[in-house]
Number of protein chains: 2
Amino acid sequence: MRVTIKDVAKKSGFSITSVSLVLNNKETKIPESSRQLILSTAEELGYRPNRLAVGLLKKKTKLLGLVIPDNSNMFFSELSKSVEIAARKRGYSLIYGNTSDVYSRDYEYLKLFVDHQVDGIVITKSSHLPEKEDIRNLEFLQKNNVPFVVVDRQPKGFHSDMVTVNNTTGGYMATKYLIECGHRKIGCFTGPLGLTTSQQRLDGYKKALEEFNIRYDENLVVEGNFSSGFEDKAMSVFLNKKVTAVFCQNDIMAFGIYRAANKSGIKIPSQLSVIGYDNINLCDIVYPGLTTIHQPIDQIGEESVRILTKLIENSNQKIEAEVKELEPKLVIRNSIISIVEGE
Amino acid sequence: MRVTIKDVAKKSGFSITSVSLVLNNKETKIPESSRQLILSTAEELGYRPNRLAVGLLKKKTKLLGLVIPDNSNMFFSELSKSVEIAARKRGYSLIYGNTSDVYSRDYEYLKLFVDHQVDGIVITKSSHLPEKEDIRNLEFLQKNNVPFVVVDRQPKGFHSDMVTVNNTTGGYMATKYLIECGHRKIGCFTGPLGLTTSQQRLDGYKKALEEFNIRYDENLVVEGNFSSGFEDKAMSVFLNKKVTAVFCQNDIMAFGIYRAANKSGIKIPSQLSVIGYDNINLCDIVYPGLTTIHQPIDQIGEESVRILTKLIENSNQKIEAEVKELEPKLVIRNSIISIVEGE
DNA sequence: ATAGATTCTGTAAGCGTTTTCTCGGTTTTT
DNA sequence: AAAAACCGAGAAAACGCTTACAGAATCTAT
């Protein structure tokens, strides 16, 4: 059986109270000699407090729940990592729910986390979560008094603490850069259009076109899924429409375009310029290096946990919901070619 | 405040006992009418049992701990996902510890998990964990009576339940395939040589060479880190030695070779053949598609959790440690060229 | 009618902690 | 020498739940 505080008490000859007091460094008038004895027998027995018991009593578990759509998508696996790092820095650990983008699991995991009495939750919803369920989920958390922070994908019709990267700006920066490189016919390979993320990046794309007086042509927009599988279809559309550059709404889809291009004997960047989104580790490793929009993943994790722990530690007072919007950044590598002005 | 069983009891007019009995579907002679009333008020109040309380009492938390070295390495992020899927299938959730390959955190997380009274632990140790600490860690778990399964990287000097993929076979298959394609001067780009994983893959490489009477030349072996950073150094060695093919001990390093090759104007596969290891999603997406050794990640997760839950459910009886060795598989894509026999 | 069997429901202990309160024993003060 | 002050340490309640056990109420059989 595991060593309990009772064992330490018995062995050291003190009461449970005294042991607890000493072990928790409470200010108390227990003489140094007793103190040392207790400390050393606890050490000797390898005593570690049972967190369930402590949690039950104190109503704090130092556990955070993390819900993400897909840990095999590098953006999210890097995000998990950054959340984990930020959490451990503050003494919290993570229970982790990967929904595999099956949206009913969002709710399942939230319930589970609540049952485990997590102190707070970081959530990025599934791609196809219906608005109604989204609201139901978050209301469930509110009703149960569990602080939470929504990350990356914004809920519709619900205002809460949130950390995002400005996707409109990101889409705008990517497109503008392509235009400045002389491109006029620019394809857009989007994520699921039900997500604010995709929609906003598309908005940025449109905004940049408009600014440079380029007509927006919806036939140059192909919807993808932030993963692979649609690149061939997209490629055939782009070739057909003779685009000279493509804005891919994430890096994985950009790699898909790399492959499709190679298959069709199209050279990147000389015949087709490509820009991605996310700046995952691999961008540096592929050839040609992928020019992309950097998302500050470490900051996202850090900010989410910062806000969440703030919420937890001030759970008595109602604070105005904090929305942290981070800025994306253009990272230039070698997947884009500048074409001569006027031709 | 959260709804407790007491609230349900009060509201429905029954005792706590009756409510618990009904809610847990215990066989009992509570009449259907009372039963229904209890069920409906529980539902109405949105009652969910507090897992801390249940765990404290039953000494079962339905929580599994997962320790992995680096979630930003795709092999491990896919592994986390597969472990998670296997766990949820059996009603367990995951507390998740990413050590970022800082080996002191292996122990930290194990302690934490024990404190949280997890029912069992799945562990893949950090790359540079000294043997002594490795043993200390696993003995700690034994002493605390926490079942565990070691995955992928084997501990030295400790026998326990384990799931691995046969790395020797994998290295052998990769090398043999290159030889059969006519290659004779084959470079080997390894992982950290302190890991059994790397060592065994190297053994397989040697074994294949030997089988075909090719002299093993240690100058063709370059140690990497399973990540990026050493590819340029490796490439210069390989070019210098005029190898025609490279066996990379994981896919990420193979992608590194892709890049280094491109930088030096070397074409893959026509001028240099490359084989990887792991078969992560990206292999299909890069160009040319990477021929590689497939590791059955889903099976690894499934087997680990299967063994672990078996251990948990039979924790009374001592069972012989189960070592499950899975088989790797060659996946042929387009990164290897066959060279004419004799020239 | 009364004992015995059968249904139903409640009491209470216990899981491992923390923390408030109380109390016995010293020492100090007058 | 008696009262006051102080020090050190333990008893007990509480957190939310499960479950063995006891008990009340109803019904059956003699």
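Keep in mind it's a predicted model, so treat the numbers as computed, not measured. Letters A, B, ... are given to chains in the order of the sequence lines, protein chains preceding strands, and every chain is numbered from 1.
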Shortest side-chain distance from B:Asn24, nucleotide among D:dT18, C:dG16, D:dA9: D:dT18

Upstream residue (5' side of DNA chain C) when A:Lys6 and A:Leu21 are each assigned their closest nucleotide: A:Lys6

Between CG on residue B:Leu138 and CD1 on residue B:Ile121, distance to nearest 0.5 Å: 10.0 Å

Nearest-Å distance for atom pair CG/P, residues B:Leu37 and C:dT9: 10 Å

Gap between atoms CG and C1', on B:Asp7 and D:dC15 respectively (whole Å): 13 Å

Phosphate OP1/OP2 of D:dC15 contacted by B:Asn50 side-chain N/O (<4.0 Å): no

Inter-residue atom distance B:Arg48.CZ - B:Ile5.CD1, 0.5 Å rounding: 13.5 Å

Sugar-phosphate, base or nothing in reach of A:Arg48, heavy atoms under 4.0 Å: sugar-phosphate

Distance below 4.0 Å between B:Lys26 side-chain N/O and D:dT18 OP1 or OP2: no

Gap between atoms CD and P, on A:Glu32 and D:dG8 respectively (whole Å): 11 Å

Whole angstrom value for the distance that separates C1' of C:dG14 from CG of A:Leu52: 15 Å

Heavy-atom side-chain contact between A:Asn98 and B:Arg88 under 4.5 Å: no

Closest nucleotide among D:dC17, D:dC15, D:dG10 to the A:Leu56 side chain: D:dC15

Interatomic distance where NZ belongs to A:Lys60 and C1' belongs to C:dT18 [whole Å]: 16 Å

Integer-rounded Å distance: C:dT17 P and A:Gln117 CD: 18 Å

Nearest-nucleotide pick for B:Ser15, side chain only, options being C:dT17, C:dT19, C:dT11: C:dT11

Touch class at under 4.0 angstrom, heavy-atom based, for A:Ser18 against every strand present: sugar-phosphate

Pair B:Arg105 + B:Glu108, salt bridge at N-O below 4.0 Å: no

Candidate nucleotides D:dC17, C:dT9, C:dT18, ranked by approach to the side chain of B:Phe14 - the nearest: C:dT9

Distance in angstrom units between B:Ile30 CD1 and D:dA25 P, rounded: 17 Å

Side-chain heavy-atom pair A:Arg51, B:Leu112 within 4.5 angstrom cut-off: yes

Length of the line joining B:Leu57:CG and D:dT19:P, which is rounded to integer Å: 7 Å

Pairing of A:Asp7 and A:Arg2 as salt bridge, 4.0 angstrom limit: no

A:Pro31, nearest nucleotide to its side chain (from D:dA9, C:dG16, C:dC8): D:dA9

B:Ser20 vs D:dT18: side-chain N/O to OP1/OP2 distance below 4.0 Å: yes

Distance test, side-chain N/O of B:Lys58 to OP1/OP2 of C:dG14, below 4.0 Å: no

Polar pair under 3.5 Å, donor/acceptor by atom type, side chain B:Thr17, base C:dT11: yes

Under-4.0 Å side-chain N/O to phosphate OP1/OP2 contact, B:Lys59 with C:dG16: yes

